[in-house]
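Accompanying notes for the structure given below.
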Amino acid sequence: MLENGIKPVCIGCGKSPNEIREYIRFADEENMTPEEYVRLYEGTYNSCNGHFYCTKCYIETGTPKGKAK
């Protein structure tokens, strides 16, 4: 299910949560979709545009503070 028609996507690698192993695993543990997991628990998730950084991209960008743009 998409929130307000916005599909979450990592702005570093361009992958959606259902393409990223860590979100698939965590979502399974929480009995939800990877997209729902990112919207609820990913600290870099920007609900205005759906952008976030996966862990790999977040580290590669130097662990910036604030929401993904």
Side-chain angles (χ1 to χ4, degrees):
M1 175 191 263
L2 303 177
E3 179 182 48
N4 298 326
I6 296 172
K7 182 177 179 180
V9 63
C10 174
I11 59 173
C13 62
K15 293 181 181 178
S16 65
N18 64 355
E19 298 176 294
I20 302 170
R21 187 176 303 157
E22 69 177 297
Y23 296 120
I24 295 168
R25 187 182 79 223
F26 293 144
D28 283 344
E29 291 174 4
E30 297 293 330
N31 199 28
M32 62 180 60
T33 68
E35 289 83 4
E36 290 171 322
Y37 183 87
V38 166
R39 286 197 315 271
L40 290 172
Y41 298 113
E42 175 52 61
T44 64
Y45 180 69
N46 182 331
S47 61
C48 294
N49 59 21
H51 294 167
F52 69 95
Y53 283 113
C54 69
T55 301
K56 180 179 181 268
C57 292
Y58 182 69
I59 292 169
E60 287 176 356
T61 61
T63 60
K65 295 181 180 179
K67 297 275 185 184
K69 294 182 183 197

Query raised in the report: Counting distance only, does the side-chain N/O of T63 pair as donor-acceptor with the main-chain N or O of I59 below 3.5 Å?
Result: no

**Report entry** CD-OG distance between E42 and S47, expressed to the nearest 0.5 angstrom
**Finding:** 13.0 Å

Query raised in the report: Is there a side-chain contact between K15 and V9 (heavy atoms, below 4.5 Å)?
Result: no

**Report entry** Set of residues satisfying ring-ring contact (aromatic ring centres under 6.0 Å, His included) with respect to Y23, sequence neighbours excluded
**Finding:** F52

Query raised in the report: Could you state the interatomic distance from NZ (K56) to OG1 (T61), rounded to the nearest 0.5 Å?
Result: 11.5 Å

Report summary line: In this structure, SG of C57 is separated from CD1 of I20 (nearest 0.5 Å) by 7.5 Å

**Report entry** pair Y37-P17: side-chain heavy atoms closer than 4.5 Å
**Finding:** no

**Report entry** Derivation of the side chain to side chain contact (heavy atoms under 4.5 Å, CB included) call for Y53 and E60
**Finding:** CA-CA 10 Å; Y53 283 113; E60 287 176 356; over 6 Å; no

Query - Gap separating the CD1 atom of I11 from the OG1 atom of T44, nearest 0.5 angstrom - result: 8.0 Å

Report summary line: Taken to the nearest 0.5 Å, the spacing of I24 CD1 from N18 CG works out to 6.5 Å

Requested in this report: Kindly say whether A27 contributes a backbone atom to a donor-acceptor pair with the side chain of E30 at under 3.5 angstrom?
Outcome: no

Report task. Could you go through the side chain to side chain contact (heavy atoms under 4.5 Å, CB included) check for M32 and Y41 one step at a time? Result -> CA-CA 12 Å; M32 62 180 60; Y41 298 113; 4.0 Å; yes

Report summary line: Rounded to the nearest 0.5 Å, the CG atom of N49 sits from the NZ atom of K7 at a distance of 14.5 Å

Query raised in the report: Do the side-chain N and O atoms of S16 and E35 include a donor-acceptor pair separated by under 3.5 angstrom?
Result: no

